Amino acid sequence: MKSALKMELTNQNLQETPNPESPNPRNTFRRVVDFCKKGIIRVGKAIGHFFTRKDVKSTLAYIGKRLILMVFTFLVIFFICFVLVRLLPISVDTGMKDQEVFYKQMVAQGRYVQNADGSYSPMPIMQQLGNFIVNLFSGGSNPWGFSYHIEWLASPDQIMARQLPPTVLINVYSMIISIPLGLGLGTFMALKKNKWEDHVLNVLVMLFISVPSFIYAFLLQYLFGYVWNVLRPTAESANAVGGYFSGAYFASIILPILSMTFGSIAGYARYTRAELTEVLTSDFMLLARTKGLTRAQATVRHAFRNSMVPIFPMILGEVISVLSGSMIIENIFQVNGVGGLYLQSIQTRDFDVFQYVSMFYILIGLVGTLVVDISYGLVDPRIRMGSKK
Amino acid sequence: MENEKQSNLVPASSFAANHPELFQKSKRDDAAMHDQAFETKPISYFRGAMMRFAKNKASIVAAVIIFIIILYAIIVPFASPKAHVDSVTYPNGFQDPYFSYALPYNSLFKGTGFWDGTETKNGISDRAYDIYRFDDSNHSPIAQDYGTEPRLVGTTMQMTHNIRVDSYAVGNKVITVNAATYQKIVSYEQEKGIYHTSKGIMKPLVYYTDNYYNDDGTKNDNPGYCAQYRDIMAQDLAGVNYNELTTAQTDIQMQINNVVDAMQNYYNQNSSIFYKLDAKVTRLSGTVYTQNSFSAIKTASDQPIEIYQKDSNGSYVYNREFHDDYTIRVDYFDYFTLIHGFEPHYFFGANASGQDIFLRLAQGARFSLLLGVGISLINILIGVIWGSISGYYGGTTDLIMERVTDIISGIPSIIILTVCSIQFTNNIALRQAIGTSGIYILAFLVAFVYSGWIGVAGTTRMQFYRFKGQEYVLASRTLGAKDRRLIFKHILPNAIGTLVTSSVLMIPSVIFSESSLSYLGIINFTTSGLCSIGSLLNEGQAAGLKDHPHMLLFPCLVIALLMICFNLFGNGLRDAFNPSLRGSDN
């Protein structure tokens, strides 16, 4: 705490030293370079500081313990899901497709056996699990099985790779919008606590958190897409309009981005307000003001930073979950994303894809929780995760 | 320790010895001193919570709204006349396809253009306008005529009409009824004095049949309008009657056949049309006959030419009898009102198959609320038991139970729901035992109970950790209380406030999950006769948000209100039960 305060003070002195040189471009450039150098050195020092800390050993041990625990949990969940999904009856309603090809593949993977009369029947689940593990580690083709409704005999990881970009794009865009807006709004509300601005925003935040996101999705789609006709009501296919980073594609995913944004802006604003109001009333803020900082300086440098302790891990968790798409939003705006794929795999009963996407979601969830837990300790060294006392 | 106490005591007693005047008995001390009895009644924990809750205006309003929605969900399915139609004619509840997508109607707003079952249509062509205008039913489809407006159609400016169309004026329909129903209509009309008049329910049949030849192959002397139109068209195209066309003119014959077939179809489908139609359309390229758009032939006075069926005396024919069944042409709105005893008005509009959204939303809200409350109760029960054991015994028991919870919460409930619904549906014995709707309810129960109790268990566990080491528990244990008594009598009551709050807050989350899942069609209620708010949303999206926004509007409103109000109500309860937590996540 003491050293942090010291750093703050030196930091402030550095910035407030009046610059005697005239602001010509070369000097400005040098100053920018200097600033960057200093920044890099400071970050490097911080990292070095972290790894030379006494408690780093215990932190690493904690991370290792959590990782092992996570792998164990994942394996158990995987086992349960594997059994549950493989118990489901496969109906290969293939239309014109040759079912023999499908069953041959299944036999090759050790999932089905051919009976004497030429019909096929599934193997016992435990044998299937054994064969799956052998396939997975011996580098056999398509260890995760085949899609038989969504795309005939494609492997789930190929389909997944194809469906990931739109989901990631929409999530990243919505994060880029919602994090600064949410934090800003929360800060504003905390500074205006119990004034009319705060009350109005509080009501709005409460509304946006309570109302399910599909309701604003419908509202946005109806108003912008159909009544005023200014934006495309559904997302385009990226190939048709010239890639994921083309303007036309972006214009077509504005509505899904917006409908994902409202809820998370409200969420961030609520958390930031709660944290910041608590920090703003603490004693060190009084000290900061007493030593001569303006209200803005004190808020940004001391209060905001401290209020980030619980919020930063939340953001980190969100970063991990950009890979998982919202089924409802992707369904409403017809986005070809992961959420849509998951839904499609359930509706068409394409169980191999279903299993693959499920495991993907579970893994993201577990990794997200782990990263959030670990980051608490990294953000605020006072928090010793997993400490005995 | 002993010494310290001793040294503390000594100065006190010496103080008393040194200042005897301070320790003299006063006169008042002679009277026995008692605490005065409270004149007010003690306030119990719940009473205090109630009083704090009553001060929270937002929560009170929320509670009132929830109460209104609950009343709506209970009363409407019993009180609505549409809920009491006979189940033989309507096995899946009331529906009438003629009123599919009817717009919301509220008699208070009649004629205002808002919520009165009408919608504005702009840019109506002359031809379409005539079809709206010439109508021999008792209810004109044009609720209001805003006049004409020049509008660019293709490349030419045309005068188009702006009108407000009444979605309940479905016009006349040709239906077949049994003798009893026919007698009912006749006696009603005679009683009202409108029997066989233009105001009656029954309208004259339209004679548009395409009976150009008699059965013996000779030309019909009294042909229907479509048959007449063969001659009109043949005269126009070839200058002769249809039957005089030569074999070289088969292409003209084909064209006439196609147009007349299409026209007869058009008459079949639009029983409101009682006048002569023309298939001739003037385009830039010249006059052509079309098969898909027909216009009314008008007299010089801008009136249609009726083609009612007449008998040999020249009077109108109102029915066609066949084996005691009567085929009649009726004004469908009035017919409906007479047969069912209530007007076919839909407060929230109708869906694709003409079901009442007001009624179905009430049934859906009832289902969603029951599911939410039921699942919350089960979750609370399991969570309390699990959390109590885990928190009270601690140690290894706690560790193992926590790991089990971790694994359970790692499996998304959507997997459980999918697996359950597929496995249950495939299980024939189960399906016969509890029916299709029972299977879906069971699947929901399993999927939501499966991981829903974990939150409650966590809360309860925390409460046990807080209270189990306290002195009063130790005292009770010393007096010989068993574990069960300690858990349920001494520790658990401390958690009651938190539990009430979390159970109330669980209801909206269950309702939300259920409606999301049934909206996405992961659970599909269509075959089971059940409906939830989510399945109404699903129907609304299938019908198209662009064309039928009313189908989504009302379910969305109700679910949004439920979510907001339950959250406000729950937060109010939390503040009331735990005043120290007030505003902790605002």
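These figures come from a predicted structure and were not determined experimentally. Naming convention: chains lettered A, B, ... in sequence-line order (proteins, then strands); numbering from 1 in each chain.
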Subject >> A:Y342 portion near chain B, given a 4.5 angstrom heavy-atom threshold >> reply: side chain

**OP:** Check whether more than 12 heavy atoms from other residues, nucleotides or ligands sit under 6.0 Å from atom CD1 of B:I428, and answer yes or no.
**Re:** no

**OP:** Quick one: do A:F354 and B:I415 satisfy side chain to side chain contact (heavy atoms under 4.5 Å, CB included)? Show the steps, please.
**Re:** CA-CA 9 Å; A:F354 174 61; B:I415 296 183; 4.0 Å; yes

Original post:
Would the number of heavy atoms belonging to other residues, nucleotides or ligands and lying under 6.0 Å from CZ of B:F424 be above 12?
Top reply: yes

**OP:** Indicate yes or no: at least one non-hydrogen side-chain atom of A:I346 is less than 4.5 angstrom from one of B:I414.
**Re:** yes

**OP:** Check whether A:L87 gets within reach of chain B through its side chain, its backbone, both or neither, counting any heavy atom under 4.5 Å.
**Re:** both

Subject >> Inter-residue atom distance B:Q423.CD - A:L84.CG, 0.5 Å rounding >> reply: 8.5 Å

Subject >> Closest non-hydrogen atom pair between A:M327 and B:L520, with its separation >> reply: CB-CD1, 3.8 Å

Original post:
Relative to each other, are the rings of B:Y519 and A:F218 parallel, tilted or perpendicular (30° and 60° limits)?
Top reply: perpendicular

Original post:
Considering only heavy atoms, which portion of B:I416 lies under 4.5 Å from any heavy atom of chain A: side chain, backbone, both, or neither?
Top reply: side chain

Original post:
Does B:F67 CZ have over 12 foreign heavy atoms under 6.0 Å away?
Top reply: no

Subject >> chain B contacts, top residue of A:I77, A:T73, A:I362 (heavy-atom pairs, under 4.5 Å) >> reply: A:I77

Original post:
Any side-chain heavy-atom pair from B:S515 and A:F214 closer than 4.5 angstrom?
Top reply: yes

Subject >> Most chain A-contacting option - heavy-atom pairs closer than 4.5 Å, from B:G521, B:P549, B:P412, B:P555 >> reply: B:P549

Original post:
Is it the backbone or the side chain of A:I328 that comes under 4.5 Å from a heavy atom of chain B, or both, or neither?
Top reply: both

Subject >> Segment of A:P233 engaging chain B (4.5 angstrom heavy-atom cut-off) >> reply: neither

Original post:
Of the backbone (N, CA, C, O) and the side chain (C-beta and beyond), which part of B:L557 lies under 4.5 Å from a heavy atom of chain A, both, or neither?
Top reply: neither

Original post:
Any side-chain heavy atom of B:I422 within less than 4.5 Å of one from A:F351?
Top reply: yes

Subject >> Spacing of B:I411 atom CD1 and A:F78 atom CZ [to the nearest 0.5 Å] >> reply: 12.0 Å

**OP:** Side-chain contact test, heavy atoms from C-beta onward, threshold under 4.5 Å: evaluate it for B:M563 versus A:I215 and give yes or no.
**Re:** no

Original post:
Quick one: what part of B:L552 sits under 4.5 Å from any heavy atom of chain A, side chain, backbone, both or neither?
Top reply: side chain

**OP:** Verify the distance criterion only: is there a donor paired with an acceptor across the side chains of A:S210 and B:N567 at less than 3.5 Å?
**Re:** yes

Subject >> Heavy-atom contact with chain B under 4.5 Å, split by part of A:L88 >> reply: both

Subject >> Separation between CG of A:L343 and CD1 of B:I522, rounded to the nearest 0.5 Å >> reply: 5.5 Å

Subject >> Part of B:L562 within contact of chain A (heavy atom distance under 4.5 Å) >> reply: neither

**OP:** Take atom CZ of A:F72 as the centre, draw a 6.0 Å sphere, and report whether it contains more than 12 heavy atoms from other residues, nucleotides or ligands.
**Re:** no

Original post:
Does any non-hydrogen side-chain atom of A:V85 lie less than 4.5 Å from one of B:T418?
Top reply: no

Subject >> Closest heavy-atom pair and its distance - A:I332, B:Q541 >> reply: CA-NE2, 3.6 Å

